[in-house]
Each structure stands twice: as C-alpha cells, then as structure tokens.
Amino acid sequence: MKVWFNRISESRRSMVDLEGSEFRIGRDQENDIVLTSPLVSRRHAIVRMNGDQLELENLGINSCLVGDTEILGEQTALFTPGTKIRIWPYTLSFQVDSASSFSQAEIESHLRSELAKLELDIHQKLLERLDIYAFEGDRSATQDHIVLLENNIEDVCRDMNLFGNQNEVLLEEITGLTLKDQLINQLILETNEEDVAFDLAALTSNEFDVPATLVPERETELHSLLSFIRDKLQLDIISDVTGRVRKLEKQFNNTFHLVRPHLHAELRKYVILRAIKKDLKDTVFGFGPLQDLIRAPTITEIMVVESDQIFVERDGIIENSGRRFLSEKVTEAIIERIVAQVGRRIDKSQPLVDARLPDGSRVNAIIPPLAIKGPCLTIRKFPLQRLTMDDLIDFGSISHAAANFLRSAVIDGRNILVSGGTGSGKTTFLNILSSFIPYKQRIVTIEDTTELRLHQEHVVTLESKPSNVEGVGEYTIRDLVTNALRMRPDRILVGECRGGEALDMVQAMNTGHDGSMTTLHANSAHEVLERLEVLILMAADLPVVSIHRQVSSAVDLIVHIDRQPGGQRKVTQVAEITGIDPDTKRVSTTDIFNIRETSNLLRPTGYLPSFIDSLVEKKLIELDFLYEKENNLDSFNTVPQNGDAI
C-alpha cells in the first residue's frame with residue numbers, strides 16, 4: 001500500500017510503500033509513517049485493512065479528521081482508500097493499487113507552486129538586468145516600460161533554457177492551467193460595465209497587450225483554442241459571468257484533453273511565455289499573484305499567511321491557492337501599493353492598516369514587527385455583480401415573505417439594525433436593503449472603508465480618516481456621525497457600529513432620521529441588545545435604564561444573519577424591538593420571522609409588528625405574508641451553487 005502525505009502548508013508530498021495489514025502513524029521513528037511535528041502524538045493512530053475498506057483508530061490526545069468526520073481519542077472510523085486523512089499539520093492519503101489520486105485542487109495548487117518557482121528564478125535574473133523597482137515607483141504601466149520588460153523576460157527565458165527538455169513534462173501540464181486562467185480573465189473582461197459593481201479598468205490598467213510583443217499567427221491559434229473550449233462548454237448561454245466562471249473551473253479538465261493534441265511545441269511555448277509575462281507585469285505594476293484572485297467571482301476571501309502561502313475561500317471552503325509572492329519585499333511593495341491608493345500608509349511606525357481595493361473589497365494588512373512570520377494580508381471580496389433581494393431569494397438566503405416585509409419596512413422608514421458574525425454578509429445585506437430607499441431622499445453613508453454601493457443619486461459618502469505622521473488629523477466614525485446630523489440627511493447609514501458611535505447613531509434615530517440603518521457584530525438578535533448596551537457605555541457613563549429606553553424607542557427591527565456550516569449565508573431572524581420588559585427592565589424583542597430547527601426554513605411566527613397598520617394603510621404589504629404557502633418555502637431548502645451569496 002502506498003501512503004502519500006505532506007504538511008498542509010506544503011504542496012510537495014512524500015510517499016512510503018508499506019506491506020502488511022496494519023500501519024502505525026506517529027512522531028516516533030519506530031512508526032511506519034513518521035510525522036515529525038510536536039502536534040502529533042508519539043503513537044497517534046493505527047490504520048488496519050478491513051476488507052475493501054480501511055479502519056483508523058485514534059490513539060492520540062488530539063483529534064484527527066477522516067474525510068469531514070472528526071475522530072477523537074480512542075474512537076475508530078471506517079473509510080475507503082483515497083479518503084483524505086488530516087492529522088494536524090499533515091494530510092495523508094492511502095492508495096491500495098495505484099499512486100496518488102490527487103484532487104483537482106491539489107494538482108492545480110502543485111502546478112501553480114512549480115510555476116511560481118520558475119517565475120522567481122526569472123525575476124531574480126531580471127533584477128540583474130533592469131531596475132524593476134524604478135518601474136514600480138512610476139505607478140504606471142507605460143507601453144515603453146512593458147515592451148522593455150517583456151523583451152527582457154524573453155531574453156532571460158532563453159538564457160535559462162526554460163523550454164529545454166528538462167522542463168518539457170512540467171510545462172505541458174502548466175499549459176492547461178494557463179489556458180484556463182486566460183479564458184477566465186477573458187470572460188471577466190468581456191463583462192459589460194453595467195453588469196458589475198465596479199470599474200474593471202481600475203484592476204486592469206497594466207494588462208493591455210503590446211502589439212510589438214505579440215505574434216499574430218500564435219494569437220490566431222490561441223483564440224481558436226479558447227473559442228473551441230467556450231463552445232464545447234456552452235459558456236455563452238449562461239447569462240452571468242459568475243456562472244460562466246464557475247462552470248469553466250469545474251469542467252475545464254473534461255475538455256482540455258480535446259485541446260491538448262493541438263498544442264504543438266511552438267504554441268505551448270508561446271502560451272506559457274505569455275502567462276509568465278502577465279504574472280511578472282502584475283508583480284511590477286499590479287497586485288502580483290492577487291490580481292487574478294481579486295477578480296475571480298467565485299472567490300470570497302483571500303488570505304496571505306506568508307509570502308509563499310496564499311489561501312482562498314471558494315464556496316465556503318478554504319484551500320491553498322498554490323500562488324505565491326516572489327519575496328517578502330515584493331509582498332510589502334504590493335501591500336504599500338494597495339494602501340497608497342486610498343491615501344493611507346503602512347510602515348514600521350504604523351504596521352497595521354485597513355484599506356480598500358478599487359472594486360470595493362475590504363483589505364486588512366499587518367506587517368512586522370506585529371506580524372512575526374512576515375507581511376500578512378486579508379481581503380474580503382466585494383461581489384463582482386451587484387446582488388439584489390431577488391438573488392438572495394433564489395439562493396435560499398431569505399424567504400419571499402421576509403424579503404417583502406423588509407422592503408416595506410425600509411420604504412416606511414423603519415430603523416433597522418443588521419447583525420451577524422464575521423463574514424456573515426452584514427454589509428452586503430445592508431447594501432441590498434438600501435436599494436429600497438426612495439430615490440428622492442437624501443442619504444449619508446459613513447464607513448471606515450467605503451463598501452456600500454447605493455443605486456440612488458442623492459448620496460453623500462463619508463469615510464473615516466486615521467491620524468497622520470504627527471498623530472493629528474484623525475476623524476472617527478463618531479465624528480462623522482455627529483457631523484452628518486448637520487448635513488440635513490433623510491437617512492443615515494453607518495457601515496458598522498463598533499464603538500462610541502453607537503450612541504450617536506441611536507440618538508440620530510431618535511431625532512427625526514427615520515429609516516436609518518447600521519450593522520453590528522453579534523451571535524443572535526437578542527445578543528445585539530447586550531452588545532449595543534456595551535458600545536453605548538463606551539461613549540458615555542449613562543444609567544442602563546436610560547440606555548434601554550433610548551434603544552427601544554430608536555431601533556425598530558433587527559435582522560440577524562448566520563453563516564451556515566457549508567458556507568451559505570442565511571437570514572435566520574427578523575425581530576421587532578417591542579419595548580421594555582416590566583419584570584426584567586430590559587429591552588425585549590419578538591420574532592416576526594425565524595428559522596425552525598426541524599426545517600431550517602425562515603418562516604413567519606404569526607406575530608404582527610406594531611407598525612403593521614402603517615404598512616397596510618400605505619399598501620406596502622398584504623397581511624397574507626403571514627400565510628406563505630408551503631410549496632413556496634420548499635424551494636428555499638436547496639443549497640445553491642452560490643452558497644456564499646450574501
């Protein structure tokens with residue numbers, strides 16, 4: 001039996017070929033499979049043959065994963081050969097007859113890692129020829145710069161004999177990867193600007209092709225191959241770019257074997273050289289290995305742990321992308337490039353910063369001395385296409401009845417607080433709710449980093465500002481909320497209340513700014529009130545009874561969003577604040593909609609909110625929303641392809 005294993009942070013795998021029917025796994029050298037880590041027990045597990053299956057017995061203190069099942073100490077589990085076993089920080093795979101049956105994600109991660117190593121060697125040679133950092137200082141990609149860079153890349157590849165026999169097998173496999181990347185970029189760049197939530201040009205200013213470096217004959221062949229793949233997968237019949245990219249990612253390998261015979265040596269060389277040029281141009285003028293990840297509509301989060309470890313979240317699952325920065329210096333340079341775009345800085349005196357990308361994605365960067373292993377970057381992606389409430393209904397994130405009720409509440413000017421955990425989709429949901437605000441009203445939005453994208457014309461966008469080098473000039477969310485009250489707003493939208501601004505926001509809701517909205521971190525609708533109480537106390541030493549009265553009179557509705565285990569975001573509660581409980585003297589809430597444990601469906605509770613008369617009188621809603629038909633609800637029980645909708 002062959003056993004393949006590797007550290008989770010590494011793409012290369014080791015293999016041992018074992019005989020017998022029982023295999024010991026642990027840290028000590030006498031084990032059949034030795035995993036050298038202090039997190040692995042001396043004798044951690046035993047794997048035994050059990051007919052056509054294998055049986056794992058966990059002997060260690062720490063748990064291990066067999067597939068998606070956690071196995072605690074002294075527990076056993078049956079599994080089939082090929083199932084992924086995780087004994088932190090290692091991944092193992094047992095193969096009876098053949099070598100490893102890697103998943104497609106693992107193969108792709110490995111190939112990207114190998115391509116990154118080749119690009120690192122090329123980059124080091126380029127540094128000996130060109131002052132690349134001078135190009136970076138220009139902050140622009142002129143045609144002369146690109147021609148000079150691409151010509152030198154070709155010279156370096158020739159000097160290194162990159163396309164010699166020693167790399168032929170590897171480059172043949174990488175060709176498929178580069179073709180898929182190019183087709184994904186082609187699909188995204190073809191998207192109409194009206195269909196996306198941002199200006200694509202802001203992320204592609206360095207990617208125009210220079211005619212002087214293109215070979216018309218090869219470009220024609222390449223275009224034909226890409227068109228063949230598009231036609232074979234029927235991508236053009238899918239209306240949205242996210243669906244096209246998702247289908248291409250999943251089914252590309254089913255088509256590539258038809259294309260492979262047409263990739264003769266010269267075309268393969270041209271395709272790979274084209275990809276290397278693009279990657280190095282991204283490094284010099286753009287966002288390096290993040291460039292494609294930022295635009296990919298199927299990726300919701302990008303996490304740079306170290307320069308050579310970039311993880312992504314796709315469909316609620318975190319995986320190693322296989323991409324890497326060329327060095328820590330390049331990582332820091334790209335982080336500086338990102339934060340400089342919004343007038344912020346990051347250095348040893350200010351090693352922590354929040355910023356945003358041109359597409360609205362939220363960025364958090366932290367560098368040494370705070371980040372011990374090196375620069376660390378986290379990017380919360382902004383959806384490529386603007387989501388609507390209809391999209392959330394289709395995705396199963398909210399029921400039709402709850403969506404109609406919230407639409408009517410927004411139009412009627414009810415103050416709404418959206419709560420949820422980290423990454424649950426609070427800001428995205430707030431953005432969707434804001435689309436129901438009447439166009440004639442004046443809206444002021446206040447955020448740390450601008451993420452809200454409102455459809456209305458009369459919108460004033462405010463953003464907080466950190467202090468300068470001298471430690472002065474800081475303007476906080478609270479300062480902006482106070483100032484917004486002097487700007488004659490009809491509604492105030494605060495991206496997130498996380499400090500003393502909660503008091504000012506509640507005061508604004510109580511002083512004629514009906515229909516204001518904000519978000520708050522909390523685990524449930526009930527815990528929102530406890531957290532709001534703490535935040536208000538951070539701003540002023542007020543009696544708790546007074547805080548409760550202010551909150552109960554200011555906030556009308558709480559909408560709570562949860563992130564499901566599979567990655568789907570879902571509205572789980574819509575509750576009304578119903579006043580002060582006479583017994584406990586605390587703010588009380590009553591659910592209008594909630595999720596039943598037995599069905600996992602968002603349904604009406606039968607409770608009529610206190611302002612229902614206003615909604616019915618204005619003909620914003622019909623009372624039959626409380627009696628939604630069962631067959632309409634059934635459609636929301638299916639987990640969609642886009643589980644990460646909100």
Side-chain angles (χ1 to χ4, degrees), residues 193-203 294 338-345 353-364 379-388 410-411 413 415-418 425-468 473-502 504-509 511-520 646:
E193 295 290 347
E194 297 177 355
D195 297 333
V196 299
F198 58 90
D199 180 10
L200 280 170
L203 287 176
I294 291 167
I338 291 171
V339 301
Q341 290 184 345
V342 288
R344 301 196 177 183
R345 65 186 181 88
V353 71
D354 287 310
R356 71 178 185 278
L357 291 171
D359 67 340
S361 298
R362 183 191 305 173
V363 176
N364 175 268
I379 300 177
R380 177 78 51 78
K381 289 281 300 297
F382 198 85
L384 181 64
Q385 294 171 287
R386 284 190 175 95
L387 294 175
T388 65
V410 172
I411 296 173
N415 296 322
I416 300 176
L417 199 157
V418 180
K426 300 183 297 299
T427 303
T428 301
F429 194 79
L430 180 61
N431 211 26
I432 293 171
L433 286 181
S434 70
S435 65
F436 300 130
I437 299 175
Y439 273 74
K440 291 183 179 180
Q441 295 190 356
R442 175 175 169 85
I443 308 168
V444 178
T445 68
I446 301 169
E447 300 173 86
D448 272 327
T449 56
T450 304
E451 295 178 84
L452 294 174
R453 294 287 193 277
L454 273 63
H455 298 267
Q456 294 82 350
E457 293 181 0
H458 199 161
V459 179
V460 179
T461 303
L462 305 180
E463 185 177 78
S464 63
K465 177 181 176 297
S467 58
N468 59 19
E474 179 184 17
Y475 289 92
T476 64
I477 293 287
R478 188 173 187 189
D479 295 329
L480 297 180
V481 172
T482 303
N483 185 76
L485 299 177
R486 306 187 184 100
M487 299 176 68
R488 199 256 174 238
D490 289 312
R491 303 189 188 221
I492 298 175
L493 271 61
V494 176
E496 182 180 344
C497 282
R498 62 181 69 170
E501 65 271 6
D504 300 291
M505 188 68 196
V506 169
Q507 295 281 40
M509 291 177 173
T511 53
H513 300 92
D514 295 334
S516 296
M517 293 181 275
T518 187
T519 70
L520 198 73
I646 298 182

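What you are looking at is a predicted structure, and each value in this text was computed from that prediction instead of being measured.
Partners of Q456 under the side-chain contact (heavy atoms from CB on, under 4.5 Å) rule, at least two apart in sequence or in another chain, are I437, Y439, I443, L454, V459. Applying the side-chain hydrogen bond (donor to acceptor under 3.5 Å, both in side chains) test to N364 and every residue at least two apart in sequence or in another chain returns D354. Taking E447 as the reference, T445, T450, E451, L452 meet the side-chain contact (heavy atoms from CB on, under 4.5 Å) condition, with sequence neighbours excluded. For T388, the side-chain hydrogen bond (donor to acceptor under 3.5 Å, both in side chains) partners are D391, not counting sequence neighbours. Partners of N415 by side-chain hydrogen bond (donor to acceptor under 3.5 Å, both in side chains), not counting sequence neighbours: none found. Judged as a salt bridge (Lys or Arg N to Asp or Glu O under 4.0 Å), and not counting sequence neighbours, R442 has no contacts. For D479, the side-chain hydrogen bond (donor to acceptor under 3.5 Å, both in side chains) partners two or more places apart in sequence, or in a different chain, are T476. Applying the side-chain contact (heavy atoms from CB on, under 4.5 Å) criterion to A502, with sequence neighbours excluded, gives C497, L532, L535, I536. Applying the side-chain contact (heavy atoms from CB on, under 4.5 Å) test to S435 and every residue at least two apart in sequence or in another chain returns H455.
Here salt bridge (Lys or Arg N to Asp or Glu O under 4.0 Å) pairs that include residues 487-500, with residues two or more places apart or in two chains, are D448-R498, R488-D490, E496-R498.
Considering all non-hydrogen atoms of both residues, P489 and A484 come closest at CD-O, 3.2 Å. Closest approach of I492 and A508 over heavy atoms only: CD1-CB, 4.0 Å.
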